[in-house]
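Just below is one structure, and these are the notes that go with it.
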Amino acid sequence: MSDRLLAGLNDQQLAAVTLPAQPALILAGAGSGKTRVLTTRIAWLIQTQQASPQGVLAVTFTNKAAREMVARLGAMLPISTRGMWIGTFHGLCNRLLRAHHRDAGLPQTFQILDTADQLSAIKRLLKAHQIDDDKYPARNVQVFINGAKEAGLRAGQVEVDDPYHRKLVELFALYDAQCQREGVVDFAELLLRSYELLQRHEPIRSHYQERFSHILVDEFQDTNRLQYRWLKLLAGDRNAIFAVGDDDQSIYAFRGAHVGNMADFEREFRVRNVIRLEQNYRSHGHILDAANALIRHNARRLGKNLWTSEGSGEPVRVFEAGSDGLEAAWLVDEIKSLVADGLARRDIAVLYRSNAQSRVIEHALFNAGIPYRVYGGLRFFERAEVKHALAYLRLIENPADDTAFLRVVNFPPRGIGSRTIEQLQEAARSGGRSLYGAVGGVSGKGGANLAAFAQLIDGLRLETANLPLAAIVETVLARSGLLAHYRGEKEGAERVENLEELVNAAAAFVAEEGYAQDAAGTAADAASALPSPLAAFLSHAALEAGENQAAEGQDALQLMTVHSAKGLEFHAVFITGLEEGLFPHENSLQEMDGLEEERRLMYVAITRARRRLYLSFAQSRLLHGQTRYGIRSRFIDELPEGSVRWLTPRLRDGGGLRFGPWHDASLPAAPAAATSREKNGYRIGQTVRHARFGEGVIIRLEGSGTDARAKINFGAQGIKELLLAVAKLEAA
DNA sequence: TCGGTTCAGAGTATT
DNA sequence: TCTGAACCGA
């Protein structure tokens with residue numbers, strides 16, 4: 001059984017999957033089977049009983065990655081993945097805080113502010129304290145606060161030496177106090193708060209440290225400083241962190257990612273097991289040669305070189321266009337011929353550095369009648385009408401949520417204008433209460449309207465108390481007047497649809513996800529009562545904003561930024577706008593290590609392509625209303641000539657475009673699985689000690705009698721095959 | 001409260 | 001050039 005699990009892994013993958021419980025760093029190149037290693041590792045640990053499903057904690061950055069891990073694990077193991085701690089940093093922290101809300105100093109019903117909610121909370125704060133918003137724009141304050149939190153710092157811990165920053169720190173403290181009063185936490189707070197929870201409460205800390213015998217981290221290069229400390233704290237003395245990442249694909253420094261965490265981890269945890277996954281199962285040789293050559297221009301790397309057992313394939317094609325319009329026109333022609341040759345549109349991606357570049361391309365595609373999908377944009381739970389509905393739901397759960405209150409107090413319009421709101425805010429401030437709590441403090445017509453609104457919320461709370469989640473949502477939509485309001489609007493049809501979709505989402509949440517899922521295996525951890533289905537749904541809405549584009553039905557070309565292409569792969573990839581100033585972006589050149597990050601971004605872009613890669617740039621481009629003349633990106637010149645073919649006269653002859661048949665390389669066939677169980681009292685997964693090699697894990701048992709042999713992974717010492725009769729193994 | 005006008009800014013993004 | 005936010009008048 002475990003042999004089947006391990007079948008088909010290459011040597012490095014096998015070594016990684018079966019490592020002993022020690023700190024390990026896996027440098028997983030693009031397309032090297034990273035997710036497979038992660039999930040197989042978990043399955044291996046569980047199947048060989050080195051860990052129980054409850055004893056594993058696996059953390060990712062996106063819900064998508066977490067879902068994929070759960071799905072693949074479910075396919076590998078006949079166990080329920082429910083109740084396992086596999087999720088995003090934020091999702092897991094939320095779980096921790098829900099279970100220990102009291103110790104974390106939060107109300108049971110605490111709600112999560114998304115980025116937009118946080119910004120409006122800050123705006124409100126600035127207004128209340130009459131801060132000059134020219135000097136302190138809400139956006140900057142937000143960046144400052146989140147930056148501090150992501151570095152693990154509270155207001156009192158930020159060191160400042162000028163009046164400007166002193167004021168920011170002051171606002172930081174006021175903001176935190178406001179959140180505390182309102183019972184809300186922002187994204188960064190989820191992490192910081194749960195870090196502090198573990199740090200300050202020894203029993204809770206040791207409980208989880210003992211429970212999680214194995215911690216696995218995906219995309220380790222993207223962790224920020226706080227996440228690193230969080231992991232370290234949770235790992236305790238055991239230190240069994242299995243970190244998988246690729247420093248060459250670190251492209252999120254701008255949002256706090258600290259690649260240095262990889263080197264820090266290696267040093268601080270004295271990692272003896274650095275394993276490189278360099279065999280690439282995705283791209284043909286020329287594409288990998290281009291990627292390798294490009295990334296070699298970066299100085300600070302842990303070092304890695306991708307290779308493939310497939311052939312060189314086709315060279316990378318480069319096209320020079322006269323203008324951005326002509327670049328798009330060429331793109332259209334090229335895509336048409338790819339499609340004519342039988343390639344599915346969904347297997348072709350057009351990548352660009354910044355969103356604004358999509359416009360010209362979309363225009364050309366639209367005129368040519370080529371179906372396409374643009375990634376990025378508003379997600380389901382971010383739509384105004386959905387956020388309105390959620391605000392009502394939040395108020396039912398937690399009336400002190402002023403952000404939610406202000407969002408819907410006069411929506412749909414009910415005669416509560418800015419005057420009334422000001423009076424209410426004054427009453428709330430002087431009484432030290434929430435807006436909701438201060439409703440009685442406003443007199444006159446506005447006051448009456450406010451009272452009616454408060455009654456509406458109270459009524460909803462009572463009415464929905466015992467209803468199933470979907471019915472709660474339905475009731476709120478009807479009684480709040482939201483549905484009626486949008487039905488009466490000329491162009492409200494889509495909004496009405498979205499609101500109806502919200503009811504479906506609620507029903508699906510209960511049915512599929514099962515809000516009580518968390519409780520299944522973790523009842524012992526949950527010191528307090530479970531959150532209500534409504535609270536769970538609201539967290540879900542904040543933590544998972546949903547799809548960012550609809551209609552995936554038809555076969556459409558894929559348009560996206562290079563950033564959003566990370567982790568994806570396509571048969572054919574176009575990287576467009578390869579001009580100095582655009583890619584690498586001019587703003588990045590001023591930044592510390594900015595150029596290297598841009599180069600990594602290019603590396604990510606190149607390694608998305610399986611079979612065919614196009615690079616293009618334009619001599620002129622309309623930017624901010626003005627024609628800019630660009631020169632081709634240095635990144636093109638950093639590619640090896642032998643792997644590149646110019647389609648326009650430049651370095652080499654132009655030459656006609658020829659297309660070969662598509663070769664689809666499948667993964668190498670898995671060797672036939674052998675069977676083995678216990679031998680001479682040893683079993684697979686067992687940790688043993690060898691006089692010379694130290695501790696290792698048995699990964700295979702073969703032969704019998706005097707010929708009985710064991711294959712053992714000794715981590716840094718490598719994988720050895722030993723005769724059981726000769727080697728003196730002790731059970732560790 | 002809405003709708004039009006003016007003005008600044010324009011990079012990448014998940015939770 | 002285009003977009004979104006802020007602002008002012010009806």
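Just the heavy atoms: all of them, side chains too, but no hydrogens, waters or symmetry mates, feed the values below. Letters A, B, ... mirror the listed sequences (proteins, then strands); counts begin at 1.
- Base engagement by E598(A) is indicated by at least one non-hydrogen atom pair under 4.0 Å involving a base atom.
- Taking side-chain N and O atoms only, R359(A) has a distance below 4.0 Å to OP1 or OP2 of dT3(C).
- Base contact: E591(A) has a heavy atom under 4.0 Å from a base atom.
- For T88(A) against dT14(B), no side-chain N or O and base N or O form a donor-acceptor pair under 3.5 Å.
- Take E598(A) and apply the side chain to side chain donor-acceptor pair (under 3.5 Å) test, not counting sequence neighbours, and it matches R353(A).
- Partners of E196(A) by salt bridge (charged side-chain N to carboxylate O under 4.0 Å, His left out), not counting sequence neighbours, listed by chain and number: R154(A), R200(A).
- Among residues at least two apart or in separate chains, salt bridge (charged side-chain N to carboxylate O under 4.0 Å, His left out) pairs with a member in residues 403-426 of chain A are E426(A)-R429(A).
- Of the N and O atoms on the side chains of Q221(A) and E219(A), at least one donor lies less than 3.5 Å from an acceptor on the other residue.
- If you check dA10(B), dA13(B), dT15(B) against the side chain of H624(A), the one that comes closest is dA10(B).
- Counting distance only, with no hydrogens placed and no angle test, the side-chain atoms of E597(A) and the base atoms of dG11(B) include no donor-acceptor pair under 3.5 Å.
- Residue F89(A) is classed as having no contact, given no heavy-atom separation below 4.0 Å to the nucleic acid.
- For F61(A), the ring pair (Phe, Tyr, Trp, His ring centres under 6.0 Å) partners two or more places apart in sequence, or in a different chain, are F89(A).
- Backbone-only engagement by N63(A) is indicated by non-hydrogen atom pairs under 4.0 Å involving sugar-phosphate atoms exclusively.
- Residue side chain F61(A) fails the stacking definition with respect to dT15(B), as its ring centre and the base's six-membered ring centre are not both under 5.5 angstrom apart and under 30 degrees in plane angle.
- In terms of modelled atom types and a separation under 3.5 Å, the side chain of H101(A) and the main chain of F110(A) share no donor-acceptor contact.
- OP1 or OP2 of dT12(B) has at least one side-chain nitrogen or oxygen of N355(A) nearer than 4.0 Å.
- Scored by the side chain to side chain donor-acceptor pair (under 3.5 Å) test, S616(A) finds E327(A) as partners (sequence neighbours excluded).
- Using a 4.0 Å heavy-atom cutoff across all strands shown, N410(A) reaches sugar-phosphate atoms only and no base atom.
- The T115(A) side chain lies nearest to dT15(B) when the options are dT15(B), dT12(B), dA6(C).
- For the pair R599(A) CZ and dT12(B) P, the computed distance is 21 Å after rounding to whole Å.
- Annotation: dA13(B) and dG4(C) have their P atoms spaced 16 Å apart (nearest Å).
- Between S564(A) and dA13(B), a side-chain N or O to OP1/OP2 separation shorter than 4.0 Å is present.
- Taking atom CD of E544(A) as the reference point, atom P of dA13(B) lies 18 Å away to the nearest angstrom.
- In the region residues 215-226 of chain A, proximity to DNA chain B at under 4.0 angstrom, judged on heavy atoms, holds for none of the residues.
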